[in-house]
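Since the structure comes first, as structure tokens, the remarks are kept for the end.
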Amino acid sequence: MAMDKTFDAAEAEARLYDAWDKAGSFAAGANAQPGAETFSIMIPPPNVTGSLHMGHAFNNTLQDILVRWHRMQGHDTLWQPGQDHAGIATQMVVERKLAQEGNQGRREMGREAFLEKVWDWKQESGGTIINQLKRLGASCDWSRNAFTMSGAPQAPEGEDGNFHDAVIRVFVDLYDKGYIYRGKRLVNWDPHFETAISDLEVENVETPGHMWHFKYPLAGGATYTYVEKDEDGNVLFEEERDYISIATTRPETMLGDGAVAVHPSDERYAPIVGQLCEIPVGPKEHRRLIPIITDEYPDPDFGSGAVKITGAHDFNDYAVAKRGDIPCYRLMDTAARMRDDGASYAEAAETAMAVAKGERTLTEAEADAVNLVPDDLRGLDRFEARKAVVEQITGEGLAVMVPPTDPRLGTKPPAAPEEGGEPRDEQLVPLVETKPIMQPFGDRSKVVIEPMLTDQWFVDTTQIVGPALDAVRDGTVEILPERDKKVYFHWLENIEPWCISRQLWWGHQIPVWYAPNPAGGSEWHHVCAASEAEALKKLRAMWGDDAEFRVTADETEALELFRAYLDNWTDEGAIRQAQGVKAIPVFRDPDVLDTWFSSGLWPIGTLGWPEETDALKRYFPTSVLITGFDIIFFWVARMMMMQYAVVGERPFDTVYVHALVRDEKGKKMSKSLGNVLDPLDLIDEYGADAVRFTLAAMAAMGRDLKLSKDRIAGYRNFGTKLWNACRFAEMNGVFEGHQGPSEAPKATATANAWIIGETARVREEVDAAIGAFRFNDAANTLYAFVWGIVCDWYVEFSKPLLAGDHEAVVAETKATTAWVLDRCLLMLHPFMPFITEELWGTLGSRDKMLVHGDWPQESAADLVDADAQREMTWVIALIEGVRSARAQMRVPASLKVKLLVSGLDENGRRAWQANEALITRLARIDTLEETDGFPKGTVTIPVGAATFGMPLDGVVDVAAEMGRLEKQLAKLQKEIGGLDKRLSNPKFVDSAPEDVIEETRGNLSARREEEHTLETALARLREIG
RNA sequence: GGGUGAUUAGCUCAGUGGUAGAGCGCUUCGUUCACAUCGAAGAUGUCAGAGGUUCAAAUCCUCUAUCACCCA
């Protein structure tokens, strides 16, 4: 049956994928030769609720190329797929869905019911991304599909697995080793989701904002002389002040100020350092005083040079507060509303005053209990509170005032009276600068992140970062491209503690239980254990064997229980077991772990750790990790730290970091810009092979790729080209009885010998390129070979050979064509799996599918025939020369011309004789005749030593021909000039390597020969002209 | 402010010291039986600018300009 003219991707892709899948072609170790080396890749787990975007398509195409390449080489190959549970994103999706469906909210339905809903959603939507990856052709071992929440306590049937156990075990292990601790620290707080998030989940965006300037009056009406000097010490400005001027973008946080800081070198404020000043907001009668301190942090050249220190709501201030032992007063609740809890403002302010005066100190917990929000602002949203604070301060006259013409106001000053404007009102206005400020936004919630002092769990990364750094430094782990090493080092060398607790429900609940401390104290005592039973065992060890515990749902319930029994307790400096049998309240930490904590265990967790599985032994450490640059910190660095901390081994040998897929204008694809190209739409339109090939061809290391549909269409056409070359072969019976793969045929025809050598050379290039992760080089080499060499030349050469009467030549040409096309299919398969598999199955009868085809091994050294190569180069030059001359002289394409030649040397003569049929066919030549001199009106074509001529019997336009030749000559002479200059430079001859000099000499003499031919031809034309 | 990178044909980009390249687009011609998702031929460059190193620089170094990204 005749083949169609094009490949029907829409019809074939699902069918082919299904065939691979059914045959178990992607299973770990499929097609492995006995004793083969292993090759393993862990997929960067996509979010379970996610769908395939262009970045995934790119990332997974590259992985699939490597995996298919290794599998075809007979290596023991594993591509491990899976998804992560994406705590915050998934919880967000499910909450939104519940709201849309008019269900109860998360809090109303409670934790357990909510988690059930999340699992429902996971089971409903979790397969989406898998099916999308399959459409891309990803050859993952789906039977091993992993999930970072598998085996969790609430997991429904079919979601069993080791991951939960692994995560919990690692937490306990790291805790026991002292790498995990609980602490009250300033963290990024997302007020929408009401959880801590990582600094990596914060996007800093420049946003229009304001900078307010306020006066903090000195305590007790003190004054000082404020002096400003220029660089040379000349006094510019001097006045008596009873305040210090502070600039802030966040006036609402003034309520929690613990100090005002100036740089130690700042002479302007030296007289008042150590004094107290007043926060200019809050009820007058309880206005708080705070000290003026020195710290390196304030920049004397920025603003007034004085900075207010609000340790509980700013990261820089927090550092200053820690250094200067300044109390941190939290002002907001978990939704970033101004606090409405605790004692009255009057009481709180009094406490704070005592601290400022050094009369008392506060523990962290005590400081946290102090609510310094004035009663009238309590419960307000932080942005409303800001407005109110500004109004109050300005109303009281404590804003810094400037004339309305002050350029810092950013408004166009009104025209001066002398310029015809209204008479100037001399009234001053508050100094409020309008300027862009960097604001942190949650990357999921898109709300402004609030730095917040809260109790969280941290990994003490400084303790585990060492091996992760060493491994890359000493080359144990390779990161490509090179410069991403710098990014990696920079981040790890300045590593911050990793906040791993999240105030979410969807995730691995932290395996820590709290109970009263038998030794007394106001804080809960905690134990870390892999299970509740073990936790209770540990508690029992402290409380005694007869202790009875009651596990409560949460801290509130535990407190109630505790209080109810307090009366029965005796406190003799320590809390003691109550008289009679009373249960001791125990509750589990409600928080869950950062998703990246579990993703950090991906390499070992997916292989069954903590079990010593066969897969773990075979495939760990993994071979390659392919990932985007945007998660070097999130994931790569953490996997490195965690694998070393947990199993003391590198997670992978090589990390290949790829760049971003952008739209064709170079813009980052984003939903809000509407420039997103959906890979599935593209696959529908052009086929998966075209999309994959495009991505591979554009994957120059470390460069962003700008994707345009034209490019994809181009590679779709490439597939069609390949298809039709095969169709041609099929029509000519090339594949009749063909079984391939086979040894390279023994070729007698030069064209056959030549293409066999070219194929071997390309195979080496492709292998070298893929081996070095130069996917674009591999793709482009194949493109140029298949289209530019096989289709453009070899297929054309083969036509006269196949049509000839010489049976042996016909048979040899068929065998060669089949062999070459087989190799095209084999080498293209990792890039274009579908069309190549379809062709493979259509042509010849095969004993196995192409997915398990034997990757070619031929070497150029064995198969390149230098004589054949030289001869075919000569033939191609002749054909191109004739075609070019014909086109420029406007010889009709259909006209067969007579060709003359002079100066044909032995090689040329042999080349002509051996290839006459194909030359005359491709150049449309009637006959060749040797001659000593060309007649008038002959167009000249130099090829090697020979000069060919096309007699056009006077039709030739002498001027046009002269123009054509002169242009060629000019180009040639430019080259000759350059070569000659180099060779006549004695320094070049002395210092350049021998082979370079040889090559240059060879080039020069060849050019000179050609120059001579052209000059002769021109001279002849001049005679006519 | 700190860091990283980019600047090569109309567009998108390869090109790690030795004759400047590809794809797309453009121009002209062509439906001869693999392919019009095609074929043939052609035009197009101060390799951002200025210095330097070298026999030799798009390539290495320095500075400048512009742009992008990451981190504050």
Side-chain angles (χ1 to χ4, degrees), chain A residues 2-3 5-7 199-200 204 299 302 315-316 438 440 481 483-484 486-487 490-491 494 629-630 632-633 659-660 662 664-668 686-687 690 694 697-732 734 774 776-777 780 783-784 787-788 791-792 795-796 798-799 879-880 882-894 921-924 964 967 971-972 974-979 981-993 995-997 999-1000 1003-1004 1006-1007:
Chain A
M3 286 168 67
K5 278 190 170 184
T6 55
F7 171 59
D199 49 358
L200 296 175
N204 289 296
D299 175 0
F302 188 79
F315 284 95
N316 290 315
M438 289 305 273
R483 70 161 174 273
D484 284 300
K486 288 188 198 164
V487 180
H490 183 259
W491 193 70
N494 299 287
F629 76 97
D630 49 337
I632 294 178
F633 311 133
L660 214 62
R662 296 169 178 279
E664 55 194 311
K665 295 189 189 81
K667 286 256 177 346
K668 201 168 166 173
Y686 300 103
T694 307
M698 296 179 78
M701 216 183 276
R703 287 284 297 250
D704 285 349
L705 41 125
K706 296 179 193 167
L707 199 59
S708 82
K709 285 188 163 196
D710 285 348
R711 194 80 187 253
I712 303 171
Y715 290 119
R716 188 260 330 263
N717 296 353
F718 173 59
T720 305
K721 189 74 182 174
L722 172 73
W723 181 268
N724 279 290
C726 291
R727 182 167 174 261
F728 160 79
E730 197 263 352
M731 288 166 75
N732 282 277
V734 162
R774 288 185 282 107
N776 58 324
D777 283 351
N780 291 328
Y783 184 97
W787 199 319
C791 293
D792 287 350
V795 169
E796 295 305 325
S798 75
K799 285 175 184 173
I879 294 168
E880 285 184 331
V882 173
R883 280 174 171 176
S884 177
R886 289 176 64 120
Q888 288 180 61
M889 291 300 110
R890 307 200 173 278
V891 178
S894 53
R921 179 188 169 108
L922 295 183
R924 303 203 58 75
R964 186 179 77 93
K967 196 165 177 189
K971 205 169 150 192
L972 206 53
K974 200 178 149 199
E975 280 176 35
I976 289 169
L979 293 169
K981 196 176 138 200
R982 270 204 279 164
L983 281 169
S984 52
N985 182 344
K987 285 184 183 168
F988 172 69
V989 185
D990 288 347
S991 31
D995 56 328
V996 172
I997 298 172
E999 198 190 333
T1000 312
N1003 265 329
L1004 182 59
R1007 301 292 132 148

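When reading the values below, keep in mind they use all heavy atoms of this one structure, side chains included, and skip hydrogens, waters and symmetry mates. By convention in this document, chain letters (A, B, ...) are assigned in the order of the sequence lines, proteins followed by strands, and residues within each chain are numbered from 1.
- Between B/G21 and B/U66, the distance separating the two P atoms is 33 Å to the nearest Å.
- For B/U59, there is no paired base (Watson-Crick or G-U wobble, both distances below 3.5 Å).
- Ionic pairing of A/Arg727 and A/Glu730 is not present here: no N-O contact between side-chain nitrogen and carboxylate oxygen is shorter than 4.0 angstrom.
- Here A/His490 contributes atom NE2 and A/Lys486 contributes atom NZ; the two are 12.0 Å apart, rounded to the nearest 0.5 Å.
- At whole-Å resolution of the value, CD1 in A/Ile997 and P in B/G17 are 18 Å apart.
- In this structure, the CZ atom of A/Arg886 is 14 Å from the C1' atom of B/G39, given to the nearest Å.
- Atom name P, nucleotides B/U62 and B/C67: the rounded distance is 22 Å, in whole Å.
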Under 3.5 Å between N/O atoms: give me all the protein pairs with nucleotides 52-62 of chain B, atom names plus distance.
residue	atom	partner	partner atom	Å
B/C55	O2'	A/Asn985	ND2	2.8

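- Here B/A20 sits opposite no nucleotide as a Watson-Crick or G-U wobble pair (both hydrogen-bonding atom distances under 3.5 Å).
- Here, B/G17 and B/G25 have their P atoms 34 Å apart, quoted to the whole Å.
- Using Watson-Crick or G-U wobble geometry with both donor-acceptor distances under 3.5 Å, B/A68 finds its partner in B/U4.
- Computed from coordinates, the A/Lys486 NZ to B/C71 P distance equals 18 Å when rounded to whole Å.
- Remark: A/Phe718 pairs with A/Phe693, A/Tyr783 by the ring pair (Phe, Tyr, Trp, His ring centres under 6.0 Å) rule, at least two apart or across chains.
- Geometric assessment of A/Arg982 against the ring of A/Phe988 yields a positive cation-pi assignment under the 6.0 Å and 45° thresholds.
- The residue A/Asp990 sits apart from the nucleic acid: no heavy atom pair falls under 4.0 Å.
- Taking atom C1' on both nucleotides, B/A14 is separated from B/G45 by 15 Å, rounded to a whole Å.
- Here the separation of B/G52 from B/A57, taken at their P atoms, is 12 Å to the nearest Å.
- Rounding to the nearest 0.5 Å gives a distance of 9.5 Å between CE of A/Met731 and CG of A/Asn724.
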Output one letter per nucleotide in nucleotides 29-38 of chain B: B when a protein non-hydrogen atom lies under 4.0 Å from the base, S when only the sugar-phosphate is that close, - when neither is. ---B-BBSBS
Checking A/Glu796 against A/Lys799 for the salt bridge (Lys or Arg N to Asp or Glu O under 4.0 Å) test, could you report, in this order, the C-alpha distance in whole Å, the side-chain angles of both residues, the deciding distance, and whether it holds? CA-CA 5 Å; A/Glu796 295 305 325; A/Lys799 285 175 184 173; 3.2 Å; yes
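- The distance between atom CD of A/Gln888 and atom P of B/A41, rounded to the nearest whole Å, is 10 Å.
- Residue A/Asn776 has no polar side-chain atom (N or O) positioned under 4.0 Å from OP1 or OP2 of B/C13.
- Where A/Tyr783 and A/Glu999 meet RNA chain B, the nucleotide closest to each residue was compared, and A/Glu999 sits on the side nearer the 5' end.
- Between the CG atom of A/Asn1003 and the CG atom of A/Leu979 there is a distance of 5.5 Å, given to the nearest 0.5 Å.
- Separating the P atom of B/G49 from that of B/U8 is a span of 10 Å, rounded to the nearest Å.
- To the nearest 0.5 angstrom, A/Ile976 atom CD1 is 8.0 Å from A/Arg1007 atom CZ.
- Across the strands present, B/G39 finds its partner in B/C29; the criterion is a Watson-Crick or G-U wobble pair with both atom distances under 3.5 angstrom.
- Computed from coordinates, the A/Ile879 CD1 to B/A40 P distance equals 11 Å when rounded to whole Å.
- Between A/His490 atom NE2 and B/U4 atom C1' the separation is 10 Å, expressed in whole Å.
- Rounded to a whole Å, the CE atom of A/Met889 is 14 Å from the C1' atom of B/U28.
- Taking atom C1' on both B/A56 and B/G18, the two are 7 Å apart, rounded to the nearest angstrom.
- Across the strands present, B/U44 finds no partner; the criterion is a Watson-Crick or G-U wobble pair with both atom distances under 3.5 angstrom.
- Across all strands shown, B/U54 remains unpaired; no Watson-Crick or G-U wobble contact has both distances below 3.5 Å.
- For A/Asn204 and B/C71, the CG to P distance is 8 Å, given to the nearest whole Å.
- Contact record, A/Ile997 with A/Val989: CD1-O, 3.3 Å, taken as the closest heavy-atom pair.
- Scanning both residues, A/Arg886 and A/Arg924, for their nearest heavy atoms gives NH1-O, 2.8 Å.
- Where A/Asp777 and A/Glu975 each meet RNA chain B at their nearest nucleotide, the meeting point lying more 5' is that of A/Asp777.
- Comparing the C1' positions of B/U46 and B/A20 gives a spacing of 13 Å, expressed to the nearest Å.
- A/Lys721 NZ to A/Asp792 CG: the interatomic distance, rounded to the nearest 0.5 Å, is 6.0 Å.
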